[in-house]
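Taking it in order: structure first as structure tokens, then the write-up.
In the text below, chain A, chain B and the rest are named by the order of the sequence lines, each starting its count at 1. Heavy atoms only: backbone and side chains are in, while hydrogens, waters and symmetry mates are out.
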Number of protein chains: 2
Amino acid sequence: MTIACTTGNHAQHDVYAALCPCRDVLDLLANKWTALAIGAMEEGPQRFGALQRRLQGISPKVLTSTLRRLEDSGFVDRTVYPAVPLHVEYELTELGRGVAVPLGVLRAWVETHLDTVKPDAPAGCA
Amino acid sequence: MTIACTTGNHAQHDVYAALCPCRDVLDLLANKWTALAIGAMEEGPQRFGALQRRLQGISPKVLTSTLRRLEDSGFVDRTVYPAVPLHVEYELTELGRGVAVPLGVLRAWVETHLDTVKPDAPAGCA
DNA sequence: CGGAATCCAAAACGATACTG
DNA sequence: CAGTATCGTTTTGGATTCCG
């Protein structure tokens with residue numbers, strides 16, 4: 001028996017079902033940078049360079065693709081200010097601020113329980 | 001420049017820092033199956049076959065590696081009952097039940113806001 | 001400054017077949 | 001039943017260079 005995922009009027013979404021769109025959304029969020037990128041914008045609009053500096057280790061290419069996916073999915077707004085040194089800002093949409101909450105909860109859990117997890121993490125920093 | 005993730009006792013973890021172990025844990029959870037697998041065990045111990053049936057579309061190989069990683073990280077306990085038709089159970093540890101909460105929150109958010117996300121998801125599933 | 005383009009390496013994922 | 005072995009595909013991520 002699977003957990004029913006009743007959304008609105010119709011349907012039972014079974015997150016575990018192969019064709020459930022929930023899976024697509026989950027997949028969208030479940031990658032190395034997305035959750036962090038969203039978190040990095042929680043405090044307000046951020047410029048490309050600022051994000052790249054904050055998400056230490058991300059390459060411009062990956063940052064771009066991450067932001068594009070988020071933009072296409074409606075989590076992020078991209079605003080271009082046509083100035084001479086180009087100025088672009090990325091900002092969470094209403095929806096984006098929405099996911100930011102659960103994601104923040106997850107990040108918080110990780111930070112709190114870090115010591116109890118025993119992956120092969122270089123214990124150096126925690 | 002970001003505050004490094006200082007160790008142990010006090011510790012400011014900067015999730016965004018390249019070397020923060022938080023990232024390892026996040027990476028561990030951020031993949032196609034992990035979050036679902038944990039969710040699938042929330043109701044109690046599950047057998048390999050049951051999990052495979054529930055996580056529709058997962059191959060035995062991927063399920064195995066997913067479970068192994070979770071076991072190695074301390075989220076899951078694996079118990080073998082040496083019977084003739086072999087019997088193995090996977091069960092969330094205390095820690096596992098811990099992450100299950102934030103992950104459940106995330107799943108719930110996704111289920112609730114599915115309609116507002118506009119990825120190229122086949123709106124079907126219901 | 002904000003990327004796009006290119007190339008490459010490494011995971012992650014998947015299908016199938018086979019075994020203790 | 002619960003995997004392992006193998007192989008191939010796909011997806012991600014990363015480094016670098018270059019351009020408007």
Rounded to whole Å, how long is the line connecting atom [atom1] of [X] with atom [atom2] of [N]?
X	N	atom1	atom2	answer
His87(B)	dA2(D)	NE2	P	7 Å
Asp27(A)	dA11(C)	CG	C1'	15 Å
Arg23(A)	dC13(C)	CZ	P	11 Å
Leu67(A)	dG3(C)	CG	C1'	11 Å
Arg53(A)	dC1(C)	CZ	C1'	10 Å
Leu29(B)	dA12(C)	CG	P	13 Å
Asn31(A)	dA12(C)	CG	C1'	12 Å
Leu55(A)	dG2(C)	CG	P	14 Å

Problem set entry | Stepwise side-chain contact (heavy atoms from CB on, under 4.5 Å) test for Val117(A) and Ser73(B) | CA-CA 6 Å; Val117(A) 184; Ser73(B) 312; 4.3 Å; yes
From the set [options], return the single nucleotide nearest to any side-chain atom of [X].
X	options	value
Leu86(B)	dT12(D), dG3(C), dG20(C)	dG20(C)
Trp33(A)	dG14(D), dG14(C), dA2(D)	dG14(D)
Arg69(B)	dC13(C), dT4(D), dG3(C)	dC13(C)
Arg78(B)	dG3(C), dA2(D), dT16(C)	dA2(D)
Lys32(B)	dC13(C), dG14(D), dG3(C)	dC13(C)

On a heavy-atom basis, which atom in [X] and which in [Y] lie closest, and how many Å separate them?
X	Y	result
Glu89(A)	Pro45(A)	OE1-CB, 3.4 Å
Leu55(A)	Ala40(A)	CD2-CB, 4.2 Å
Leu36(B)	Tyr16(A)	O-CE2, 3.3 Å

For this session: Look at the side chain of Lys61(A) and the base of dG3(C), then say whether one donor and one acceptor between them are separated by less than 3.5 Å.
Result: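 Per atom types, no contact qualifies.
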Exercise. With sugar-phosphate meaning primed atoms plus P, OP1 and OP2, does Tyr81(A) contact a base, only sugar-phosphate, or nothing at under 4.0 Å between heavy atoms?
Worked result: nothing
For this session: Determine whether Leu67(A) and Tyr81(A) fall in the same hydrophobic cluster, where Ile, Leu, Val, Met, Phe, Trp and Tyr are linked whenever their side-chain heavy atoms lie under 4.5 Å apart.
Result: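 No: no chain of side-chain contacts under 4.5 Å links Leu67(A) to Tyr81(A).
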Exercise. Of Arg47(B) and Thr64(B), whose closest DNA chain D nucleotide lies nearer the 5' terminus?
Worked result: Arg47(B)
Problem set entry | Side-chain N or O of Tyr90(B) closer than 4.0 Å to phosphate OP1/OP2 of dG3(D) |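 It does, given that an N or O in the side chain of Tyr90(B) lies less than 4.0 Å from OP1 or OP2 of dG3(D).
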